[in-house]
Chemist: 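Below is the structure I would like to discuss, written out as structure tokens.
Each ligand, and each atom within it, is numbered from 1 in the order the structure gives.
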Amino acid sequence: MTTRLIPIPMSTSEVDVRRAKAARSWSLDSELVLICAGYPIGIPGGADQTFPYKPHPQYRWLTDRKREGGVLAFDPQDGWTLFEPALAEQELIWGGGDPPVGRSLEELDGWLAARKGRPLAALGANDGLYATDQELSLRLHIELDHARRPKDALEVDLLRRSAAATAAGYAAIAEYIRPGRSERQIQVEFEAAIARAGADGPGYATIVGAGPNSAVFHFTPGSRQVADGELVLVDAGAEVDGYVTDVTRTFPGGGSFSSDQAWLYGIVRESLDQATAACLVGAEWLDVHAVAARVMGSGLRDAGILKCSPEEALTSGAIGLFFPHGIGHMVGLGVRDAGGPLPNRNVIREVGGARIRMDLPLEAGYVVTIEPGLYFVPALLNDAKRRERFANQVNWAAVEPWIGGSGIRIEDNVLVTETGPIVLTDSIPK
Ligand code: GLY
Ligand code: MN
Ligand code: MN
């Protein structure tokens, strides 16, 4: 075992500010907190192979460290202490690695023993490593995620760099998509272009779905070739130093939309524009969803697919048959960053029959995705119970020709500011 401990460098001012913010949000007296980075996860049956490792975002945010196994400890009576495991010789040989900083992880037991009897919370990737007060841990977890929501200048800069790389990826595939190209070829072109533009790689599994596959939300690209007349949905984003943008564009496989597709696309585009404009400081996220849902409800009523008003489509949940995914989520450290309800709300309320990922008012500095879409998913639309439940709202005969062939979604990332929304992904044509 090699121990090469290097004294912790002066924290960057951002890390100091973040720690102060976290401590303020917790307002602790004698309770102790551990924030755990976590460890790589082994591939089942894969011997020494692991899935790519990322530190838990709570740990990364409070330390700006990326090594596995680290634990940041907080004692309100004497501040923050970082513990990291020493690099084992085998790790140096096989993986190289960033030398540890702070105190050796082996000293954490002594740090805890010196504070025996005080309540202990564990956040980040604790995974049962430390026996803790569960109720306290949950409260501090929720408060820390809430404190992390507004992005600081360093984070916005990384998101802008991610957006620029994502834009390079979309620029590379815009002309590349054509009949005969496979979903996987499109994925490879995108991922090569973002890497050339400075990304560390894709921030999540790239989605490319052609034809019927466009109606599968998280479709894994395969060998299917694009055909003329099909829709091609691409949902992909670059990661830069842990920060991820999350962008979707829907392309006409043969170069131009059919009139029906253009009509559907126009509704989604209008919904995107109106929901983006609604991203104002103080706006309730559920209301932003409702803005998008009403626009799409109105479009589907005009097309004869819905028989009810946009308001009834929202209150009955009928719009959720076509827009089941919710208007978006936060991005930042990963493609899903710090979602959930406001600390004192406890649960995410329902709206429009959709899966909503957060329930809170927007604040300056939040970066959210706005991703309205209209999908015709067989599993939802061929379900007898739903057909009966929504018999008064949906003209099922008019839905039939669309089922299984179409998914249209457009997704941008929006920075909320005191002076209005800024679309970080605006340079990507749509
Ligand atoms: N990329 C997955 C999503 O849009 O949420
Ligand atoms: Mn996406
Ligand atoms: Mn998204």
Chemist: Nearest 0.5 Å please: distance from the CG atom of Leu28 over to the CG atom of Leu136.
Modeler: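 Here the rounded value is 7.0 Å.
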Chemist: Less than 4.0 angstrom from a charged side-chain N to a carboxylate O is my criterion; do Glu135 and Arg139 meet it?
Modeler: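 Salt bridge between Glu135 and Arg139, a charged N being under 4.0 Å from a carboxylate O: no.
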Chemist: To check your reading of the site, what angle at the Mn ion (ligand 2) do OE1 of Glu411 and OD2 of Asp235 form, to 10°?
Modeler: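 Between OE1 of Glu411 and OD2 of Asp235, at the Mn ion (ligand 2), the angle is about 110°.
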Chemist: Would you say the side-chain atoms of Ser298 pair up with the backbone N or O of Arg294, donor to acceptor, closer than 3.5 Å?
Modeler: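 Flag not set: sc Ser298 to bb Arg294 has no pair under 3.5 Å.
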Chemist: Between Arg148 and Asp145 (salt bridge meaning N to carboxylate O under 4.0 Å), is one present in this structure?
Modeler: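 Salt bridge flag = yes for Asp145 with Arg148.
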Chemist: Which ligand 1 atoms are under 4.0 Å away from a heavy-atom of Tyr204?
Modeler: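 Counting atoms of ligand 1 from 1, those under 4.0 Å from Tyr204 are 1 (N).
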Chemist: What is the closest protein heavy atom to atom 3 (C) of ligand 1, and at what distance does it sit?
Modeler: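 For this ligand atom, the closest protein heavy atom is Asp246 OD2, 3.3 Å.
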Chemist: Note the single closest protein heavy atom to atom 2 (C) of ligand 1, along with its residue, its atom name and the distance in Å.
Modeler: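 Result: Asp235 OD2, 3.4 Å.
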Chemist: Flag the pair Val247 / Glu371 as yes when at least one side-chain heavy-atom distance between them is below 4.5 Å, and no otherwise.
Modeler: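 Not in contact.
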Chemist: Round to 10° and report the angle made at the Mn ion (ligand 3) by OD2 of Asp246 and NE2 of His329.
Modeler: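 Result: 90°, to 10°.
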Chemist: Can you tell if the side chain of Val232 reaches within under 4.5 Å of the side chain of Thr250, non-hydrogen atoms only?
Modeler: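 Sidechains of Thr250 and Val232: no contact.
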Chemist: Using atom types as modelled and distance alone, determine if a side-chain donor or acceptor of Ser271 lies under 3.5 Å from a backbone N or O of Ile267.
Modeler: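 No; zero donor-acceptor contacts below 3.5 Å.
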Chemist: Hey, which atoms in ligand 1 end up nearer than 4.0 Å to a heavy atom of Arg336?
Modeler: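 Listed by number with element: 2 (C), 3 (C), 5 (O).
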Chemist: Enumerate the atoms of ligand 1 whose separation from the nearest heavy atom of His218 is less than 4.0 angstrom.
Modeler: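 Selected atoms, number and element: 2 (C).
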Chemist: Out of the N/O/S atoms in Glu371, what is the name of the one closest to the Mn ion (ligand 3)?
Modeler: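 Nearest N/O/S atom: OE2.
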Chemist: Using a heavy-atom cut-off of under 4.0 Å, does the side chain or the backbone of Arg409 touch ligand 1, or both, or neither?
Modeler: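 It is the side chain that gets close, since no backbone atom is under 4.0 Å.
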Chemist: Quick check: Glu411 and ligand 1, any N/O pair under 3.5 Å apart?
Modeler: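 So ligand 1 has an N or O lying under 3.5 Å from an N or O of Glu411.
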